[in-house]
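The chains referred to below are lettered A, B, ... by the order of the sequence lines, with proteins before strands, and numbering in each begins at 1. This is a predicted model, so every value here is computed, not measured.
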Amino acid sequence: MSQGALPGFRDFYPEQLATRNYIISVWRDVARRYGFLEYDGPPLEPLELYKKKSGDEIVGQLYTFTDKGEREVALRPEMTPTLARMVAAKANAMRKPIRWFSVPQLFRYERQQKGRLREHFQLNVDIIGEASVAADAELLAVAIDVMRAVGLTSRDVRARVSDRRLLTAVLSEVGVRKAEMPDVFAAIDKTGREPRDVTLGKVEKAVSNAEARRGVARILNVATDLNALAAEFRNSPKVMEEITHMREYLNFLDALGVGDWVDFDLSIVRGLAYYTGKVFELFDAQGEFRAICGGGRYDDLLSTIGGVDLPALGFGMGDVVLTELLRSRNLLPAPELGTEYWVAADDESMLPDVMTVAGRLRAKSRSVEYALKSQTLARQLKTASSAGVRNVVLLRRDDYANGHVTVKTLADGSERRVALDAFLNSL
RNA sequence: GUGGCUGUAGCUCAAUUGGUUAGAGCACCGGACUGUGGCUCCGGGGGUUGCGGGUUCAAUUCCCGUCAGCCACCCCA
């Protein structure tokens, strides 16, 4: 058995590359519809760029090495730090808000599993320099429109939205202390995947005050019902202010035509520590796959990384889970057949003529193949047929001498005899 | 990083309680049907059974290790 690709890395044979290109072309098209401009950065970055944001513990999950100039470097695990740096360098010169997207290949040194490899392509869409909730709505609409563009519906995919400011407000309202927040966040984040008593057990550990623990339990009961949450906290101006923002967000999403894809779910937290406001995730409705997409607002990140204080928000959508989902729903389009014309001759000495005709067809921008070695006509047709070619231009010795060829459509076997010049001019 | 399951041709699989030159279909290459493909028929290439040890007269089969894949955990893109 020959050596395969490294664990978690993929070889893209033509069929798989066609799928990858299809996904990426949809990404680009949808991003373009929303007026986003494409950018890119280096796949290799100083390790420091990622340490700054996420701390030293992240290093274990990165592809890192020391280069020949003694620099500590890493293959990029995400695009946001690169984006932050690029924007920060020219922040003053750019019109705000900045609407950019990118399709980087990202790397992560972790054991692979379903929907998760060591390398993937990810659509990144970001808006920088706009604090209004309309920007949050616009961003999520892009992600949902990608789902629509690949043929998925609001019955297939759900967007769950939350807000860390709202979650922080309700937790502090019931008495959870600031230092206890991270652990409570982590516990709440898992409620979808763990039994309720496991979550409560974690809350028990994280929160010292018994009254506050009961408050957390109450919140969990209304985590997906914004009205019930509002009723529960109607006497807290701080919470009600955040709920007003959330309602505005949901109204904007309705206005953008994607409201029926969206569910409020306060338990969506997202692992990344830098999110500061609205966060969202896209899941398949059957819960069969991992998250398709995740993102949110990270208003403090640019000042952390680039020293420029600009509000920002963005999302990432990987190709791996999306491809798995589309394959399982039979939504991957059949790959385009490559070659349009096959030039064949009924006389093996006519290879130069075949080449000449092929060249003239190619000058007309057609894709053309022919047998590179002498073969019987039967063999040439057999090859053309199994290669999926649509038409054969057949050169018959006597006919070709008079400037005529036969164009055969392989699908139905029909043939028509035409003057070569006229045929080429008709293309 | 931890645990479970799996590993025979490019793919899907087979090989009686461990038994002699490890088979088939599909795919690929070629031939026939006397120079127009798809159908049919015939032939061919391709495996040190993931790799390395061990038990045995004998290992694809049993045991151990290792690597890889899948699944879950951790963590998250």
Side-chain angles (χ1 to χ4, degrees), chain A residues 1-11 13 15 50 53-55 57-63 75-82 102-125 143 186 189-190 193-194 198 268-275 279 281-282 288-296 314-322 324 342 344-350 371 373-397 399 405-415 417:
Chain A
M1 200 86 67
S2 61
Q3 194 93 40
L6 284 170
F9 284 76
R10 297 171 287 177
D11 289 328
Y13 288 83
E15 195 181 10
Y50 304 111
K53 196 190 78 178
S54 312
E57 72 279 3
I58 193 95
V59 175
Q61 315 215 58
L62 302 183
Y63 267 95
L75 287 172
R76 62 185 175 195
E78 56 171 329
M79 200 58 183
T80 311
T82 301
S102 190
V103 185
Q105 186 176 24
L106 304 177
F107 306 87
R108 196 110 179 183
Y109 196 89
E110 288 181 305
R111 180 174 288 204
Q112 65 166 316
Q113 52 186 296
K114 185 180 169 69
R116 197 158 180 213
L117 307 173
R118 287 181 168 180
E119 147 274 320
H120 73 153
F121 290 87
Q122 189 189 65
L123 169 65
N124 271 249
V125 178
D189 189 33
K190 289 238 182 335
R193 284 158 284 169
E194 286 177 349
V198 173
I268 297 298
V269 174
R270 304 213 23 87
L272 292 177
Y274 56 71
Y275 286 113
V279 289
E281 293 188 342
L282 264 50
E288 196 179 332
F289 301 92
R290 295 172 177 279
I292 301 162
C293 167
F315 72 78
M317 180 188 297
D319 70 310
V320 180
V321 174
L322 184 56
E324 285 174 354
W342 188 282
D346 66 355
D347 185 314
E348 293 178 22
S349 70
M350 290 176 74
K373 61 182 178 188
S374 294
Q375 286 182 326
T376 61
L377 183 55
R379 171 60 55 193
Q380 295 174 65
L381 285 163
K382 196 185 191 110
T383 305
S385 183
S386 72
V389 175
R390 284 183 285 262
N391 303 292
V392 170
V393 176
L394 174 54
L395 278 47
R396 319 170 85 128
R397 188 170 182 67
D399 231 14
V405 298
T406 300
V407 179
K408 182 184 179 82
T409 305
L410 286 178
D412 59 12
S414 66
E415 295 184 1
R417 179 173 171 278

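Within the cation-pi definition used here (under 6.0 Å to the ring centroid, within 45° of the axis), A/Arg118 qualifies as a partner of A/Tyr109.
For the C1' atom pair drawn from B/C5 and B/A9, the interatomic distance equals 24 Å after rounding to whole Å. Straight-line distance between the C1' atoms of B/U6 and B/U12: roughly 16 Å, to the nearest whole Å. Of the P atoms belonging to B/G3 and B/G25, the separation is 43 Å, rounded to the nearest Å. Spacing between B/G10 and B/G53 at atom P, rounded to whole Å, works out to 23 Å. Only the P atoms considered, B/C57 is 33 Å distant from B/A24, to the nearest whole Å. With P as the reference atom, B/G7 and B/C13 are 11 Å apart, rounded to whole Å. Here, B/U61 and B/U17 have their C1' atoms 11 Å apart, quoted to the whole Å. Spacing of P atoms, B/G69 relative to B/U8, comes out at 14 Å, to the nearest Å.
To the nearest 0.5 Å, atoms CZ (A/Arg108) and CG (A/Leu75) are separated by 12.5 Å. Atom CD of A/Gln375 is separated from atom OG1 of A/Thr383 by 5.0 Å, given to the nearest 0.5 angstrom.
Within 4.0 Å (heavy atoms only), A/Gly294 reaches no atom of the nucleic acid at all. Here A/Ile292 lies out of heavy-atom contact (under 4.0 Å) with every strand. Among the atoms of the strands shown, none is found under 4.0 Å from any heavy atom of A/Ala345. As judged by a 4.0 angstrom heavy-atom cut-off over every strand, A/Gly8 is placed among residues touching the sugar-phosphate backbone only. Note on A/Arg76: nothing from the nucleic acid sits closer than 4.0 angstrom, heavy atoms only. Using a 4.0 Å heavy-atom criterion, one finds that A/Leu410 contacts the bases of the nucleic acid, with or without backbone contacts as well.
Nucleotide B/G38 holds its P atom 21 Å from the CZ atom of A/Arg390, rounded to whole Å. Between the C1' atom of B/A27 and the CD atom of A/Glu15 lies a distance of 13 Å, rounded to the nearest Å. Atom CD in A/Gln112 sits roughly 19 Å away from atom P in B/C74 (whole-Å rounding). Look at NZ on A/Lys114: it is 18 Å from C1' on B/G4, rounded to the nearest Å. At whole-Å resolution of the value, CD in A/Glu110 and C1' in B/G1 are 11 Å apart. Rounded to whole angstrom, the span from the CD atom of A/Glu281 across to the P atom of B/C75 amounts to 15 Å. The distance between atom CD of A/Glu415 and atom C1' of B/G37, rounded to the nearest whole Å, is 11 Å. Across the protein-nucleic acid pair, A/Asp11 atom CG and B/G69 atom P stand 12 Å apart, rounded to whole Å.
The main-chain N or O of A/Arg397 is found under 3.5 Å from a side-chain atom of A/Asp346 such that the two form a donor-acceptor pair. A donor-acceptor pair under 3.5 Å is formed between the side chain of A/Gln380 and the backbone N or O of A/Ala345. At least one donor-acceptor pair under 3.5 Å links the side chain of A/Arg290 to the backbone N or O of A/Lys114. Distance alone, capped at 3.5 Å, places no donor-acceptor pair between the A/Gln105 side chain and the A/Glu119 backbone.
When the nucleotides B/G37, B/G1, B/G69 are ranked by their closest atom to the side chain of A/Leu381, B/G37 comes out on top. Side-chain proximity of A/Arg108 to the nucleotides B/G69, B/G37, B/C76 is greatest for B/C76. Distance from the side chain of A/Lys190 is smallest to B/C74 among B/C74, B/G37, B/A72.
Not a single donor-acceptor pair, N or O on each side, falls under 3.5 Å between the base of B/U36 and the side chain of A/Gln380. Side-chain to base pairing of A/Arg116 with B/C75: one donor and one acceptor N or O lie within less than 3.5 Å of each other.
In terms of phosphate contacts, A/Gln113 brings no side-chain nitrogen or oxygen within less than 4.0 Å of OP1 or OP2 of B/C70. Contact annotation: A/Gln61 side-chain N/O to B/C76 OP1/OP2 distance is not under 4.0 Å.
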**Report entry** Nucleotide pairing, RNA chain B (Watson-Crick or G-U, distances under 3.5 Å), in dot-bracket with [ ] and |
**Finding:** (((((((..((((.....[...)))).(((((.......))))).....(((((..]....))))))))))))....
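Place A/Thr409 and A/Leu106 on RNA chain B by their nearest nucleotides, and A/Thr409 ends up nearer the 5' end. Positionally, the nearest nucleotide of RNA chain B for A/Arg111 lies more toward the 5' end than for the other of A/Lys408 and A/Arg111.
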Tabulated below should be each protein N or O lying under 3.5 Å from an N or O of nucleotides 31-35 of chain B; please produce it.
| residue | atom | partner | partner atom | Å |
| --- | --- | --- | --- | --- |
| B/G31 | OP2 | A/Arg379 | NH2 | 3.2 |
| B/G35 | N2 | A/Glu348 | OE2 | 3.0 |

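Residues A/Trp342 and A/Asn391 form no side-chain contact, since every pair of their non-hydrogen atoms from C-beta on lies 4.5 Å or further apart.
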